[in-house]
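Counting starts at 1 for both ligands and their atoms, in listed order. We use all heavy atoms of the structure for the numbers below, so side chains are in, but hydrogens, waters and symmetry mates are not. Given the structure is predicted, the values throughout are model-derived calculations rather than measurements.
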Amino acid sequence: MRTCAELGIKTVAVFSEPDRSALHVRMADEAYAIGGAASAESYLVIERIIETATACGADAIHPGYGFLSENASFSAACEEAGITFIGPHPSAILSMGDKTAARSLMKKAGIPMPPGTIESVDTMESGLSEAEKIGYPVLIKAAAGGGGKGMRIVTNRSEFASLFSASRNEARSAFGDERVFIEKYISHPRHIEFQILADQHGNVIHLFERECSIQRRHQKVVEEAPSSVLDSSLRKKMGQAAIEAARSCAYVGAGTIEFLLDADNNFYFMEMNTRLQVEHPVTEWITGIDLVAAQIRIAEGHPLPWLQEEIKMNGHAIECRVYAEDPARQFMPGPGKLIRHRAPGGFGIRVDAGVEESDVISIHYDPMISKLISWGGNRAEAISRMIRALNEYEIAGVPTTIPFCRLVMEHESFRSGQFSTHFVNDHFNPDELPANHDGKFVKEALSQVAAEMYQNGIGRKNGAEGTISDNEQKGSAVREIGNSSGMSPWRKIRPLRRS
Ligand code: MV4
């Protein structure tokens with residue numbers, strides 16, 4: 001919405017009942033209710049969203065990160081309704097969503113990937129023989145998977161049968177698709193992903209990599225750009241592979257190619273994400289390119305205004321994900337009212353928050369509060385600045401992952417850049433993680449409420465009756481923004497509707 005305001009494009013939000021006065025609703029120029037709290041009754045109802053978009057005259061939909069952002073039927077439904085889906089065509093979403101189809105495309109394109117099967121493996125006997133050919137340890141993965149669902153590591157032949165069944169069963173119940181395939185297990189990899197942009201005219205560029213190895217149970221905790229382990233020659237090779245991967249499915253829009261990088265600097269295709277990702281700000285900061293603006297320009301039909309050689313990297317950016325979760329209790333979500341939310345600021349700090357003070361972190365959706373991003377001229381400076389910002393961040397009312405992020409920033413293995421996807425498991429005991437230290441902020445927030453009540457006459461013996469001013473929806477002001485042509489290098493073609 002901020003990008004749209006800069007481009008002079010009006011925005012419309014859709015919301016579920018509990019989100020009636022949520023930040024995205026307050027920020028949009030218009031907003032429409034689409035259903036109940038459960039996402040299956042609102043944010044995932046394709047027909048309702050298309051109907052709303054048509055009724056309000058929206059000419060494009062940005063699908064965000066979760067929900068329908070990688071749903072081929074939604075992309076197709078937009079196309080059928082004559083609405084621009086800001087993302088790839090259904091065919092690209094389908095072929096990258098099916099991991100066996102993706103492997104088959106990568107094989108044809110000559111992109112390195114872990115040794116293993118291309119087709120799905122449908123019987124125990126054929127699975128066992130493939131596993132012997134590949135050599136243990138192997139990984140059984142769901143064809144419809146991603147995010148680790150249905151995945152099993154098999155370290156020797158005696159375990160194969162039971163893990164094969166377990167993987168198929170989990171895949172069937174999670175995706176309604178029991179197909180699995182088998183890969184060589186890469187044991188202590190780093191997760192390195194490349195950002196790509198592809199226009200409608202066949203131009204594809206990459207915007208370097210993000211290091212995403214610091215994760216817990218397939219949930220990313222810290223991401224950074226660039227990775228401290230790539231030199232310029234490896235970066236060039238991986239970037240070229242990412243571009244070829246995008247070409248192999250005729251990709252259009254912003255996308256991410258995920259690679260595993262082993263200890264000997266061999267890289268392997270893992271998956272492609274056909275959406276903009278949560279961690280995109282680190283790429284924006286080191287390249288100076290607004291990725292949402294790029295998505296919109298691409299959807300309008302503009303050719304990419306940069307050649308690969310013109311994409312430059314400046315400094316280092318780190319993102320910490322701030323969740324309403326309690327690290328001391330196995331990261332259990334802790335929904336509730338944010339009685340205090342004071343985000344850090346200053347040079348080199350960006351906070352992308354989905355909420356403001358006095359908003360509620362709902363039980364119905366992902367408990368992310370914000371993304372805290374720091375920039376530095378080099379990695380050490382970005383880390384110091386992140387620690388400063390984590391210390392400055394005041395949140396009360398819900399537990400947060402801020403103290404855990406601080407431990408990561410202070411950890412010697414993180415600081416030296418010596419880590420793999422096992423970092424959190426290797427270095428943190430789940431029973432010894434810090435409880436939340438919001439006591440001071442709770443006290444401040446409560447004394448502020450008490451002062452307000454006092455000023456409003458509540459609790460004053462002879463005072464006038466008063467009410468506490470609430471933080472109801474302030475109404476969305478429609479800002480008039482002048483035509484910004486001349487500001488950006490994009491050429492003007494079939495623009496989306498301007499305000
Ligand atoms: C792998 C792998 C090792 N070898 N594939 C994790 C979820 C899904 N995206 C694929 N994943 C992995 N695939 C081979 N052949 C290790 C993982 C993996 C992982 C990858 C990236 C970041 C964190 C991870 C945590 C556990 C496993």
Practice problem: Using only heavy-atom distances, determine whether the side chains of S16 and Y365 contain a donor-acceptor pair under 3.5 Å. | Solution: yes
Self-check item: Where ligand 1 meets E271 - atom numbers and elements under 4.0 angstrom, heavy-atom basis
Solution: 8 (C), 9 (N)
Exercise. Quick one: look at T421 and ligand 1, take heavy-atom pairs under 4.0 Å, and tell me if it's side chain, backbone, both or neither.
Key: side chain
Quiz item: Considering only heavy atoms of L139, which atoms of ligand 1 have at least one such atom less than 4.0 Å away?
Solution: 1 (C), 2 (C), 3 (C), 4 (N), 5 (N), 13 (N), 14 (C)
Exercise. State the atoms of ligand 1, each with its element, that fall below the 4.0 Å cut-off from a heavy-atom position in E183.
Key: 5 (N), 14 (C), 15 (N)
Quiz item: If you count the atoms of ligand 1 from 1 in the order shown, which ones are under 4.0 Å from a heavy atom of P114?
Solution: 15 (N)
Quiz item: What atoms of ligand 1 come within less than 4.0 Å of a heavy atom belonging to Y185?
Solution: 3 (C), 4 (N)
Quiz item: Do R210 and T283 have side-chain atoms, one donor and one acceptor, less than 3.5 Å apart?
Solution: yes
Quiz item: Is the ring centre of Y393 less than 6.0 Å from the ring centre of H341?
Solution: yes
Quiz item: Has R379 got its NZ or CZ under 6.0 Å from the middle of the six-membered ring of F414, at an angle within 45 degrees of the ring axis?
Solution: yes
Quiz item: Is the closest heavy atom of K141 to ligand 1 under 4.0 Å?
Solution: yes
Quiz item: Which is closest to atom 23 (C) of ligand 1 by heavy-atom distance: Q215, H422, K149, H191?
Solution: Q215
Practice problem: Heavy-atom contacts with H218 under 4.0 Å: which atoms of ligand 1 show up? List them by number with element. | Solution: 6 (C), 7 (C), 25 (C), 26 (C), 27 (C)
Quiz item: Should we say atom NZ of K149 is surrounded by more than 12 heavy atoms from elsewhere, each under 6.0 Å from it?
Solution: no
Quiz item: Which class fits the ring pair F428 and F423: parallel under 30°, tilted 30 to 60°, perpendicular over 60°?
Solution: perpendicular
Quiz item: Q277 and T256: side-chain donor and acceptor closer than 3.5 Å?
Solution: yes
Quiz item: Should we say atom NE2 of H89 is surrounded by more than 12 heavy atoms from elsewhere, each under 6.0 Å from it?
Solution: no
Practice problem: Among all protein heavy atoms, pick the one closest to atom 12 (C) of ligand 1 and tell me residue, atom and distance. | Solution: M270 SD, 3.8 Å
Practice problem: For G146 and ligand 1, answer yes if some heavy atom of the residue is under 4.0 Å from a ligand atom, otherwise no. | Solution: no
Quiz item: Polar-atom distance check: M151 versus ligand 1, any N or O pair below 3.5 Å?
Solution: no
Self-check item: Whether H411 and H427 hold their rings parallel, tilted or perpendicular, with breakpoints at 30° and 60°
Solution: tilted
Practice problem: Just need the protein heavy atom nearest to atom 7 (C) of ligand 1, so name the residue and atom and give the distance. | Solution: G148 N, 3.4 Å
Quiz item: Mind checking whether F404 and F331 have ring centres under 6.0 Å apart?
Solution: yes
Quiz item: Quick one: nearest non-hydrogen protein atom to atom 3 (C) of ligand 1, plus distance?
Solution: I186 O, 3.3 Å
Self-check item: Element-labelled atoms of ligand 1 that are located less than 4.0 Å from some non-hydrogen atom of K184
Solution: 4 (N), 14 (C), 15 (N)
